[in-house]
A.B. asks: 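Pasting in a structure now, in structure tokens, and then I'll have a few things to ask.
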Protein chains: 2
Amino acid sequence: MRSDCPLNYGIEIFCDKWSLLIIRDLMFFGKRYYNEFLGSDEHIATNLLADRLAMLEKEKIIRKARDAQHKQKIVYSLTEKGIDLLPVILTIGLWSEKHATIELNPNRDIILSDAKKNLSKGIKKITKRLIAQHSK
Amino acid sequence: MRSDCPLNYGIEIFCDKWSLLIIRDLMFFGKRYYNEFLGSDEHIATNLLADRLAMLEKEKIIRKARDAQHKQKIVYSLTEKGIDLLPVILTIGLWSEKHATIELNPNRDIILSDAKKNLSKGIKKITKRLIAQHSK
DNA sequence: GCTACCGCTTGTGTTTTGCAAGTAGTTAAA
DNA sequence: TTTAACTACTTGCAAAACACAAGCGGTAGC
């Protein structure tokens, strides 16, 4: 770790381009399987996906489990530590909507609509949903 | 740009380890000069600092100006677009304080104290201060 | 028993990073 | 007025990370 600054701690752990997109996929797009992450618009390379999933699991931001139905499949889900990244994800999204210089996908406005009205309330509402969706 | 997702937009622009630390230094530690950024605990390399400052200026997150007193010096400051990154920085800090597995610098708690009490109010209060400090 | 699918791993070339050294212009002191 | 120090960088190079393609061992269905 480069320093003991609280900001630096989070930055070093999850602030790379791919980790945050994986967390986004888990939070908002219902993705749970390796192949689903591979299929996202940003086209992560398979070796990098494997690397990031292992790192996020090691940091206890996500967890792995075998799928009950299909035994060859592995289900990824967010831990409480991972769900707590919601405010970070939402504030990045709100900043982007305000300041983007390219045209953004309007279908994804829905992700931010709760947070746009009232940040703290939006965080609480979506957190509740995520806890329900990602509890073991 | 890898996709038109609003989350991806912000992530691609400022989510690298050094850019966010430079923004932190501008927001909370009163740093304004090249040498001051070089002196931070995390020890950014000088070529990377030059690269990131140029990128952040191009993205209009920071601005450059000659120092009025010392003509050889260049003052960096946050634009409105840069100040609007405050919620991102604060939520990363709050997450780190809650979940860090290493011992963090207690002297830096002060940065997060306003946000800890009430996130939205803390954002407003610190934003006001930053606007005062970084207006041309 | 063949074929397809699943979550990866491996190999290779390119890009980015990290470190050290150097540079052009400016200021301060001798 | 020369000189030394300071400023914001630039350059060179080795090591690490990334991006792309191909391959691989273990299910699962037919």
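Lettering of chains follows the sequences in order, A, B, ..., and the numbering in each one begins at 1. This one's a predicted model, so the numbers in the text were calculated from it and none came from an experiment.
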A.B. asks: Look at all strands and tell whether A/Arg66 reaches a base, only sugar-phosphate, or nothing, counting heavy atoms closer than 4.0 Å.
C.D. replies: nothing
A.B. asks: I'd like to know if the side chain of A/Arg63 pairs up with that of A/Thr79 as donor and acceptor (distance under 3.5 Å, no hydrogens or angles considered).
C.D. replies: no
A.B. asks: OP1, OP2 of C/dT9 versus side-chain N and O of A/Asn47: anything below 4.0 Å?
C.D. replies: no
A.B. asks: Given C/dG18, is OP1 or OP2 found less than 4.0 Å from the side-chain N or O atoms of B/Trp18?
C.D. replies: yes
A.B. asks: Report the residue (A/Ala45 or A/Gln69) whose heavy-atom-nearest nucleotide on DNA chain D is the more 5′ of the two.
C.D. replies: A/Ala45
A.B. asks: Over all strands shown, is B/Lys64 touching base, sugar-phosphate only, or nothing at heavy-atom distances under 4.0 angstrom?
C.D. replies: sugar-phosphate
A.B. asks: Of the options C/dT9, C/dG7, C/dC6, whose atoms approach the side-chain atoms of A/Gln72 most closely?
C.D. replies: C/dC6
A.B. asks: Tell me: NZ of B/Lys17 to P of C/dG18, nearest whole Å?
C.D. replies: 10 Å
A.B. asks: If I take atom NE2 in residue A/His70 and atom P in nucleotide C/dG7, what distance separates them, rounded to the nearest angstrom?
C.D. replies: 11 Å
A.B. asks: Between atom CD1 in B/Ile74 and atom C1' in C/dT26, what is the gap in whole Å?
C.D. replies: 12 Å
A.B. asks: Could you state the CD-C1' distance from B/Glu42 to C/dC19, rounded to the nearest angstrom?
C.D. replies: 17 Å
A.B. asks: Any ion pair linking A/Glu80 and B/Lys98 (charged N to carboxylate O, less than 4.0 Å)?
C.D. replies: yes
A.B. asks: Does C/dG7 have its OP1 or OP2 closer than 4.0 Å to a side-chain nitrogen or oxygen of A/Arg32?
C.D. replies: no
A.B. asks: Tell me: CG of B/Leu49 to P of C/dT17, nearest whole Å?
C.D. replies: 13 Å
A.B. asks: Taking atom C1' of C/dC19 as reference, at what distance in whole Å does atom CZ of A/Arg2 sit?
C.D. replies: 13 Å
A.B. asks: Quick one: does A/Ser3's side chain have a donor or acceptor within less than 3.5 Å of a partner on B/Glu42's backbone?
C.D. replies: no
A.B. asks: Kindly confirm or rule out a cation-pi arrangement of A/Arg2 over B/Trp18, judged by NZ or CZ under 6.0 Å from the six-membered ring centre and within 45° of its axis?
C.D. replies: yes
A.B. asks: To the nearest angstrom, how far is B/Lys73 atom NZ from C/dA28 atom C1'?
C.D. replies: 14 Å
A.B. asks: With sequence neighbours excluded, give me every side chain to side chain donor-acceptor pair (under 3.5 Å) pair touching residues 86-96 of chain A.
C.D. replies: A/Thr91-B/Thr91
A.B. asks: Taking atom P of C/dT17 as reference, at what distance in whole Å does atom CG of B/Leu21 sit?
C.D. replies: 13 Å
A.B. asks: What verdict does the side chain to side chain donor-acceptor pair (under 3.5 Å) test give for B/His134 and B/Arg32, after you've listed the backbone C-alpha separation in whole Å, the side-chain angles of each residue and the deciding distance to 0.1 Å?
C.D. replies: CA-CA 10 Å; B/His134 289 263; B/Arg32 295 290 183 280; 3.1 Å; yes
A.B. asks: Relative to A/Tyr76, does A/Lys64 satisfy both conditions: NZ or CZ under 6.0 angstrom from the six-membered ring centre, and within 45 degrees of the ring's axis?
C.D. replies: no
A.B. asks: For DNA chain D, which nucleotides open and close the run of contacts to chain A, 5' to 3', at under 4.0 angstrom from a non-hydrogen atom?
C.D. replies: D/dC18 to D/dA28
A.B. asks: Looking at B/Lys71, does any N or O in its side chain come under 4.0 Å of the phosphate oxygens OP1/OP2 on C/dA28?
C.D. replies: no
